[in-house]
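Below, read A as the first sequence line, B as the second, and so on, with proteins coming before strands; counting in each chain starts at 1.
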Number of protein chains: 2
Amino acid sequence: MTPTEGPSPTGSDAGQAPQPGTGAEPVARGWAADDKATAAGGAVEDASGEDLPGGVRRGDTVAAVVRQWQAVHPGLDTGPMEIIGRINRCAALLQQAEDAPLRRAGLSRPEFDLLGALRRTGHELTPGDLARETFSSGAAVTKRLKQLTERGLVERRGDTRDRRVVHLRLTDAGRDLVDAILPVQLAYETAVLSGVDGPEQGELAALLGELLSQLEGRLGVLRA
Amino acid sequence: MTPTEGPSPTGSDAGQAPQPGTGAEPVARGWAADDKATAAGGAVEDASGEDLPGGVRRGDTVAAVVRQWQAVHPGLDTGPMEIIGRINRCAALLQQAEDAPLRRAGLSRPEFDLLGALRRTGHELTPGDLARETFSSGAAVTKRLKQLTERGLVERRGDTRDRRVVHLRLTDAGRDLVDAILPVQLAYETAVLSGVDGPEQGELAALLGELLSQLEGRLGVLRA
DNA sequence: AACAGGTGTTTTATCGGTAAAAGACATCTC
DNA sequence: GAGATGTCTTTTACCGATAAAACACCTGTT
């Protein structure tokens, strides 16, 4: 992802219409669906939401999925779905949208992610460092580095002490590219989020920060 | 994802240690990092966060990444990162954690997603319906259906009117499997979210719902 | 100094996903 | 009613990511 955001769902990000010849619109409506799945295991059918007369927004797809589950299993505690499902669905839609500026620059998200890690830390990193920074496997980092060095965005330097180790840094071109893309990326994201009021954005960021802190600190323990 | 949550990041979900022989711990700490990338393009180094004396939580990794960017580009509007970055990172961690119960049942997330769609809608669906419901490509659905029918979880029935069309429904075994997994899944998710207070969970769900509604309604327009 | 064991990186095999094309069929128009 | 057009599903080719193995090298021990 942009050295700004997150996960790279399912490999490619697609973001186009599901099938070629299929003129069919995704059930929901305007947006080219495609990636990830929804909250409760898929999008919603159609159920739930008729637009209000004035063209006002109806509930989101996750709410509709929850309603479907409630109809099948009344009383089921679907609370977690309303958070986790929405986070996942938002992540899917956001990534798809965010990839647009990156692709214009000829970079995939994971690639930009790697470059961003080098840029923001300010110093050289080893492949292992980059794998941890970008939460990807070492093998994936090796591949990306090969492409990025070939493109002249990253430079390698062998460690003098330990010859197993490699140090990586951005070239001038790499640094310039990141610095050029980042503001565009952030502006785009600002636009994407513009539907939510400023104060609410702050609340949302704070709550997500709290959740993330909990998850980062605790998930290792829960994983059984 | 469980017919409960979201995107299936990078194909497999891994969730294990980055490299085999590497005893190295992910930089952050206990949790087996691996998937997606972080907000601003990777995790945080180490910077930012020392635990407070009492063992209290420090800021999340996204906050640290934002600080790194601010150091490099002072004044940059990193607001969007604090929301989008956290959503992506939360999604990555949650999916990883959520897969545990599913894997015990021998299902991948996309598979459970598909079964869940059949279960909650209550009626038969065509492959095209399922692709839209699960936000995946038709090809992916075809593959999954093949496996799931072979396992006896799903049944196919040709349409009598239109012989191109196939109708799918859960077998008894499929329905029982979904019904057995779902509560376990939800209980697990409840545990994962338990670090956040009840009222705050409600606020979070509401804000995410608002964001998601905006994204679902608007993203198609913005995608340029 | 040889060796056992551990760490950093790369390579290989494989899996799953998408895009695009192909196949099968319905429907609409003339 | 024949042909053109479009829809639904499956197949094919390819790409990217992971896991596991292979390499290369350091380091501590005897």
From CG (B:Leu94) to CG (A:Asn88), nearest 0.5 Å: 6.5 Å
With B:His167, which of B:Thr160, B:Thr126, B:Asp159, B:Asp129 fulfils side-chain hydrogen bond (donor to acceptor under 3.5 Å, both in side chains)? B:Asp159
Quick one: does B:Lys143 reach the base of C:dG17 with a side-chain donor-acceptor pair under 3.5 Å? yes
Nearest to side-chain heavy atoms of B:Asp162, which nucleotide of D:dT18, C:dA26, D:dT10: C:dA26
Distance check: side-chain N/O of A:Arg163 vs OP1/OP2 of C:dT7, anything under 4.0 Å? no
Counting heavy atoms from C-beta on, name the nucleotide in D:dG6, D:dC26, C:dT10 closest to the side chain of B:Arg164. D:dG6
If you check every side-chain atom of A:Ala139, which of C:dG17, C:dT11, C:dT9 has the closest atom? C:dT11
Across the strands shown, which category fits B:Val141 at heavy-atom distances under 4.0 angstrom: base, sugar-phosphate, nothing? nothing
Whole angstrom is fine here: how far is it from CG in A:Leu168 over to P in C:dG8? 15 Å
Given C:dG17, is OP1 or OP2 found less than 4.0 Å from the side-chain N or O atoms of B:Arg144? yes
Between A:Thr160 and B:Thr142, whichever has its closest DNA chain D nucleotide further toward 5' is B:Thr142
Residue B:Val165, side-chain atoms from C-beta onward, closest of D:dG6, D:dT9, D:dA19: D:dT9
Can a side chain N or O of B:Thr126 be found less than 4.0 Å away from OP1 or OP2 on D:dT9? yes
Below 4.0 angstrom, N of the basic side chain to O of the carboxylate: do B:Lys146 and B:Glu150 qualify? no
Between atom CZ in A:Arg157 and atom C1' in C:dG8, what is the gap in whole Å? 15 Å
Side chain to side chain donor-acceptor pair (under 3.5 Å) involving B:Arg163 - partner list, sequence neighbours excluded: none
